[in-house]
Asks: 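Dumping the structure here so I can ask a few things about it.
No hydrogens, no waters, no symmetry mates; every other heavy atom, side chains included, goes into these values. Treat the numbers as computed from the prediction; the structure is a model and nothing was measured.
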Amino acid sequence: AVIGGLGAVMKTAGPLGSRLVKEDVCLRGAIGTQPSMGNSMGFGVPRNFYVRRPTTRMGVEWVWRKSLYEAFYSRNDPEREFDGSDELNAALRGELPVSIQAWATQDIRTAVFLAEEMAREEMGQLDLIVDAAAEAWREPDLLVRVGAAVVLPPFPDGGRTTDGALLPLDCAKVLHDLGVPVALSAHGDSSTTASLAHQAGHAMRGGLPFDAALAAVTITPARLYGVDDRLGSIEVGKDGDLVLWNGTPFEPASRVVGVLVQGELIVDPRDATDQQDQ
């Protein structure tokens, strides 16, 4: 979907009923080829679900602009309200972060220009998070200009990601050096090499300092989505979510040996020791 709905922060372990940390943390959407992929205009009787708009990158941008303008105009005209207008207006007021997936340079530009347009027209000020921003390194000054944050996808073996975007190992360093908040992610990839530990290690090999790499998988994402009062750092009163390593985190020779979620031992390091002894 172009505008998919509201995001939530969930834990991936523990009793199912306790995994929700916070709901409605951001408005989620996408810019680029993916929202229109497989769609067609069609002629005559629609034959499947994909006979629909948008069908192009320009059409995807049009959906964003149309939705935001209509939400803005509905503020003073109740008859123009629609499902989702309240959430879109919360985003325009900066009360709800807007997480827009944009891999390639042209799509990152569109997200930034959209935020600038809303501010220029005095419609609001988007709190922009560019998700999957593989080519954010190409024109990072644009992100600085609108105060945007970035969530990077996994570093690919061949360098190329979705939409043909190029993601070099020093992307996180380039953004960090300019003061752009950077979070690392697996972005839905369940393979071992996409884990947060691997992503932090790759970013460090690209020049990102250890403290910044650690923040990129802990406190920075927690701040971006408004849950840093519970997660992201080791402090009194926060959830007891800890990862135990047998060496310096993110180093190739180090590995995770223990995991605690809300103070409960999920992966016991003593089990790993017993296995080594055997």
Asks: Should Leu184 and Trp103 be regarded as members of a common hydrophobic cluster, given that ILVMFWY residues are connected when their side-chain heavy atoms come within less than 4.5 Å of each other, either directly or indirectly?
Replies: no
Asks: Could you walk me through whether Ile100 and Val98 pass the side-chain contact (heavy atoms from CB on, under 4.5 Å) test, one step at a time?
Replies: CA-CA 6 Å; Ile100 299 180; Val98 182; 3.6 Å; yes
Asks: Could you check whether Asp141 pairs with Arg145 (Lys NZ or Arg NE/NH1/NH2 to Asp/Glu carboxylate O, under 4.0 Å)?
Replies: no
Asks: For the residue pair Leu27 and Ala91, what are the closest heavy atoms and their distance?
Replies: CD2-CB, 4.1 Å
Asks: Go through the steps to decide whether Arg53 and Met41 satisfy the test side-chain contact (heavy atoms from CB on, under 4.5 Å), and finish with yes or no.
Replies: CA-CA 7 Å; Arg53 293 179 177 177; Met41 294 299 294; 3.5 Å; yes
Asks: Establish whether Leu242 and Leu231 are linked, either directly or via other cluster members, by ILVMFWY side-chain heavy-atom contacts under 4.5 Å.
Replies: no
Asks: Looking at Tyr50, I'd like to know if its OH atom is crowded, meaning that more than 12 non-hydrogen atoms belonging to other residues, nucleotides or ligands lie closer than 6.0 Å.
Replies: no
Asks: Indicate the atoms forming the closest heavy-atom contact of Ala71 with Ser85, along with that distance.
Replies: CB-O, 4.0 Å
Asks: Between Glu70 and Lys66, does any NZ, NE, NH1 or NH2 come within less than 4.0 Å of an OD or OE carboxylate oxygen?
Replies: yes
Asks: Do Leu92 and Met118 touch side chain to side chain, with heavy atoms closer than 4.5 Å?
Replies: yes
Asks: Could you measure the distance from the CG atom of Asp239 to the OG atom of Ser233? Nearest 0.5 Å is fine.
Replies: 10.5 Å
Asks: Show the atom names and distances, to 0.1 Å, of all donor-acceptor pairs under 3.5 Å that link a side chain in residues 207-224 to residues at least two apart or in another chain.
Replies:
{"unit_1": "Thr218", "atom_1": "OG1", "unit_2": "Leu214", "atom_2": "O", "d": "2.6"}
{"unit_1": "Thr220", "atom_1": "OG1", "unit_2": "Ala215", "atom_2": "O", "d": "3.3"}

Asks: Starting from the C-alpha separation in whole Å, work towards a yes-or-no answer on salt bridge (charged side-chain N to carboxylate O under 4.0 Å, His left out) for Glu61 and Arg65.
Replies: CA-CA 6 Å; Glu61 181 182 351; Arg65 180 171 285 106; 3.2 Å; yes
Asks: If you compare all heavy atoms of Arg230 against all heavy atoms of Val21, which two are closest, and at what distance to 0.1 Å?
Replies: NH1-O, 3.3 Å
Asks: Are Leu166 and Arg138 close enough that some pair of their side-chain heavy atoms sits under 4.5 Å apart?
Replies: yes
Asks: Measuring from Leu152:CG to Gln199:CD, what's the distance to the nearest 0.5 Å?
Replies: 9.0 Å
Asks: Indicate yes or no: at least one non-hydrogen side-chain atom of Val150 is less than 4.5 angstrom from one of Leu143.
Replies: yes
Asks: Can a donor-acceptor pair be found, under 3.5 Å and without considering hydrogens, that links the side chain of His176 to the backbone of Pro181?
Replies: no
Asks: Which atom names give the shortest non-hydrogen contact between Ala104 and Arg57, and what distance separates them?
Replies: CB-NH2, 4.4 Å
Asks: Taking atom OG1 of Thr105 and atom CD of Glu135, what is their separation to the nearest 0.5 Å?
Replies: 3.5 Å
Asks: Which distance, rounded to the nearest 0.5 Å, do you find between the CD of Glu251 and the CH2 of Trp245?
Replies: 9.5 Å
Asks: For the pair Thr56 (side chain) and Gly59 (backbone), establish whether a donor and an acceptor sit closer than 3.5 Å, ignoring hydrogens and angles.
Replies: yes
Asks: Using the rule that two of Ile, Leu, Val, Met, Phe, Trp, Tyr join whenever any of their side-chain heavy atoms come within less than 4.5 Å, decide whether Ile31 and Ile129 are in one cluster.
Replies: no
Asks: Any side-chain heavy-atom pair from Val267 and Leu265 closer than 4.5 angstrom?
Replies: no
Asks: Would you say Pro168 and Trp137 make side-chain contact, with heavy atoms under 4.5 Å?
Replies: yes
Asks: Give a yes or no on whether the backbone of Ser191 and the side-chain of Ser195 come within a donor-acceptor separation of less than 3.5 Å.
Replies: no
Asks: What I'd like to find out is whether the side chain of Pro97 reaches to under 4.5 Å of the side chain of Val25, using heavy atoms alone.
Replies: no
Asks: Please write out which residues are connected to Met58 in a hydrophobic cluster, directly or through intermediates, given that two of Ile, Leu, Val, Met, Phe, Trp, Tyr count as joined at side-chain heavy-atom separations below 4.5 angstrom.
Replies: none
Asks: Using 4.0 Å as the upper bound for N to carboxylate O, is an ion pair formed by Asp131 and Arg28?
Replies: yes
Asks: Is the backbone N or O of Ser254 less than 3.5 Å from a side-chain atom of Asn246, with the two atoms forming a donor-acceptor pair by type?
Replies: no
Asks: Report yes if some heavy atom in the side chain of Ser99 is under 4.5 Å from a heavy atom in the side chain of Tyr225; otherwise report no.
Replies: yes
Asks: Side-chain heavy atoms under 4.5 angstrom apart, residues restricted to Ile, Leu, Val, Met, Phe, Trp, Tyr: same cluster for Val144 and Leu142?
Replies: yes
Asks: Ignoring hydrogens, what is the shortest heavy-atom contact between Phe250 and Ala197? Give both atom names and the distance.
Replies: CD2-O, 3.9 Å
Asks: Give, for atom OG of Ser36 and atom CG of Asn39, the distance between the pair rounded to the nearest 0.5 Å.
Replies: 6.5 Å
Asks: Ignoring hydrogens and angles, tell me if any N or O in the side chain of Trp64 forms a donor-acceptor pair with the backbone of Ala30 under 3.5 Å.
Replies: yes
Asks: For residues Phe113 and Val146, determine if any side-chain heavy atom of one lies less than 4.5 Å from a side-chain heavy atom of the other.
Replies: no
Asks: Among Phe72, Tyr69, Phe82, which one satisfies side-chain contact (heavy atoms from CB on, under 4.5 Å) with Leu88?
Replies: Phe82
Asks: Does Val2 belong to the same Ile/Leu/Val/Met/Phe/Trp/Tyr cluster as Leu6, with side-chain heavy atoms less than 4.5 Å apart forming each link?
Replies: yes
Asks: Short question: side chain of Asp77, backbone of Glu79 - any donor-acceptor pair under 3.5 Å?
Replies: yes
Asks: Please report the shortest heavy-atom distance between Gly258 and Pro269, naming the atom on each side.
Replies: CA-CD, 4.0 Å
Asks: Run the numbers on Arg93 and Asp127 for salt bridge (charged side-chain N to carboxylate O under 4.0 Å, His left out), then give the verdict.
Replies: CA-CA 9 Å; Arg93 291 191 294 267; Asp127 180 6; over 6 Å; no
Asks: Does a side-chain N-to-carboxylate-O contact under 4.0 Å join Lys238 and Asp228?
Replies: no
Asks: Can Arg255 and Val257 be said to form a side-chain contact (heavy atoms from CB on, under 4.5 Å), step by step?
Replies: CA-CA 6 Å; Arg255 62 189 181 90; Val257 295; 4.1 Å; yes
Asks: Distance check, rounded to the nearest 0.5 Å: Met37 atom CE versus Thr55 atom OG1?
Replies: 13.0 Å
